[in-house]
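To start, the structure under review is shown below, and the notes come after it.
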Amino acid sequence: MPDLTFAVTYRDDRIGRRRLAYADDLACRCGAELFLALPLTSAELAVPAAVAVSSADSKTVSADGDRAVGRRDFAALAASLHPCRSVKIGGFEGSRSDIAAALAARGRVVAVSGRSERHFSGLTCIYPADEAEFTRNADGPPRLLLPFGTGSDAGLALDGLASVLGSLAAKEAVLYHTTWRNPTVASDDPEAHVCRAARAVRLDLENRLDRLGWSRRTVIETAEAVPAGIAQRALGELCCLICVARSPQIIKGSYVDELLARSTVPLLVAANRRLA
Amino acid sequence: MKKSSSYFVVATLIAMYAVKVAVKIAVGGYVHSPAITGDGYHNVSDIIEAFALLFVIVIADVERPGYPFGLKKAESLFALGTGIGLSLMAFKVAGGALAGLIAPWPAADGAVRAVLPLPAFEPLRFERSCLPLVLGVTVGSAILSWFVGRWQIRHGRASGHEAMVADGEETLSDGRLEISIAVGIGAEYLFNAPWIEYPLALVVAGLVMKTAWEIGSRGVRSLLLKSIGADVEAELVAMMRRLPGILDVQKMRTFFSGPTAVVIVKVISRGQLNAQRDLKKGIESVTVPVFRAHGIGDSKFYIRFAMPPEDYHRIAVAVCGVGPTARIARTFAEADWLYVADVDDGMPVRIRAYPVPAEDAVVTFLTGKRVRHLRCLEPDPADRRLAEDSHATLRPAPHASLRSLGLV
């Protein structure tokens, strides 16, 4: 069973091709397996299987739990969209629930997904926006933005991030916090206006990053609105990924949803087992 | 930082230079020292630049009706005028220095005066009693330049006025020139060699001319809307392309408006309104180091966002079956339906199902619909002929599911 898998839905259109390219780039960097998910309706599943095409130079075909309706050669299927470099390419075609079950049996799985894809619910997801590669900055370690507030979601995000990118050789984390001005504090330095709870979260995250051996920086500023501040800081720092988690206390208007709607920087949303 | 404190700094600067000009021209004229007089003229340009700085602080930053880029170009007019005036002063100082250099050789003096309009030679007043006065003026001036220059730079950084920082750096360089003049004059007295005055004055004239060139060319460059430099533009484009969400950067036009680099650029991005706002702020942030590395303190971006070029076209997909069991047919001959999809920016946006026309009408149908690509599961030679006759390309669909092509 593979240690880490990046799952992406097979779609032969512009979005599908870019997502596959992104997933492939990430899988290569992490030494992970690429997994193609082909969701089919029950009516499509009822259709007799077509002849499977064999490919003379096909790569490893994942055999566990696969069922072929159209094609079996997932490497060839992936190659029809993008010249993948991943060494291991597997897949599954079936109903959404079967796909979810196949993924659940696979150890660590990260979905490279769009907002409307339900068969990846419960997984840590990366939403690559319009990007076709993990990072555009070839001359330095990938830089990851980790926003934090006063809750535990930043810690969850860091857990998700570490599980996904822990195997990358070098990376830099930028801890980011926006704060309101405390009228009782005279200083113009935003750090002086950070509340006690956020200071504790910051300290915890910095300690954890130090234990992981990641290089890190912390940026504190006052921003007009939190999602705008996060998105703009991620761009200003040339970050390739923003790492967040959904807070269980938010009933409506999660910052994660706002970032999904506006951010051009890819977003990693860590799975939150408490919400499942 | 209050604007009034910036006014105070500039007012102090103007007062300092006014005193310097008066004292240097007076003392330089008294001792007949072209070096000191030339330095006094140099300080006249500093007064003009200080007024230009005041203008920038008071007026130029505000956009006014009819002046979409504000009035910063007025600073360029000042710069051009200063450059011309300083050049004339440099020639005057150089003339006096040359007259002093060739004065001991009347024949050479006569020959040169036949060609160049040199001023009348007045011997240097080289008395020990003048030394404290001369050194006091030059050294005192240098000390004043050092303190005021550092004050300007500190205030300019705190208030965000890059023009004040630049002017402060120039004030410091004036101080270095004044020290050089003091050293030269000291050498004259130390070695009892008044002739040192004239090469020293030529050096001063050269430095004044250099300043004139730098200031004047800056003004001309700004007035003629010269680009900020192809190398700077290339670095800006490279930096912008590093931002996620930017697909391309096109049609960059740059010029200086006063000290501000103005960048007008078209950015190709699929981002919507909020994303465009974020990208604009991101661009302004990541390009600051590029400007700073090229000595540009202030910049302003005018960005037009555009979608990727339109590639609106149609594809036709061979489909068999109906409703939920519909799937991509193996060949066009096996198809029951032709799904004609309008594709915009790589995505199917409109799909209409047509019953397959009669065999002899398919080509007419496809060409009439202006279909660019044909797709079926396993094209055979008949499908390749169909594609050729329809002036379309043929591409196999890797999977039978309509969902995989985004058709449901």
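Since this is a predicted model, take the numbers as computed values, not measurements. Reminder, nothing fancy here: chain letters follow the sequence lines and each chain counts from 1.
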Atom pair OG1/CD of Thr264(A) and Gln272(B) - distance to nearest 0.5 Å: 12.0 Å
With only heavy atoms counted, which part of Leu279(B) is less than 4.5 Å from chain A, the side chain, the backbone, both or neither? both
Which atoms of Pro128(A) are under 4.5 Å from chain B, going by heavy atoms: the side chain, the backbone, both sets, or neither? neither
Are the side chains of Tyr10(A) and Ser401(B) in contact, using a 4.5 Å heavy-atom criterion? no
Picking from Arg242(B), Gln276(B), Arg241(B), which has the most non-hydrogen pairs under 4.5 angstrom with chain A? Arg242(B)
Heavy-atom check, side chain of Leu238(A) versus side chain of Met239(B), under 4.5 Å: yes
Would you indicate whether the side-chain heavy atoms of Asp13(A) and Leu405(B) approach each other to under 4.5 Å? no
Using side-chain heavy atoms (C-beta onward) and a distance below 4.5 Å, is Leu247(B) in contact with Asp130(A)? yes
Tyr255(A) atom OH, over 12 foreign heavy atoms within 6.0 Å: no
Tell me, for Ile15(A) versus chain B, whether the close heavy atoms (under 4.5 Å) come from the side chain, the backbone, both or neither. both
Answer yes or no: does atom CZ of Arg370(B) have more than 12 heavy-atom neighbours from other residues, nucleotides or ligands under 6.0 Å? no
Close side-chain approach of Arg395(B) and Asp12(A), heavy atoms under 4.5 Å: yes
Glu131(A) and Pro244(B) have their tightest heavy-atom pair at OE2-CA, 3.5 Å
Flag if over 12 foreign heavy atoms under 6.0 Å of CZ, Arg150(B): no
Would you say that Gln232(A) contacts Glu284(B) through its side chain, given a criterion of any heavy-atom pair below 4.5 Å between the two side chains? no
In terms of heavy-atom contacts, Arg262(A) and Asn274(B) come closest through NH2-O, 3.7 Å
With the threshold set at 4.0 Å, does a side-chain nitrogen-carboxylate oxygen contact exist between Asp311(B) and Arg14(A)? no
Hey, is CD on Glu359(B) packed in by over 12 heavy atoms from elsewhere, all under 6.0 Å? no
For the atom pair CG (Leu235(A)) and CD1 (Ile283(B)), what is the distance rounded to the nearest 0.5 Å? 8.5 Å
Could you tell me whether a side-chain N or O of Arg11(A) sits under 3.5 Å from a main-chain N or O of Gly406(B), the two making a donor and an acceptor? no
How close do Ala231(A) and Asp278(B) get, heavy atom to heavy atom, and via which atoms? CB-OD2, 3.3 Å
What distance separates Arg403(B) CZ from Thr9(A) OG1, expressed to the nearest 0.5 Å? 10.5 Å
Supply the atom-to-atom distance Ser404(B) OG to Leu81(A) CG, rounded to the nearest 0.5 angstrom. 8.5 Å
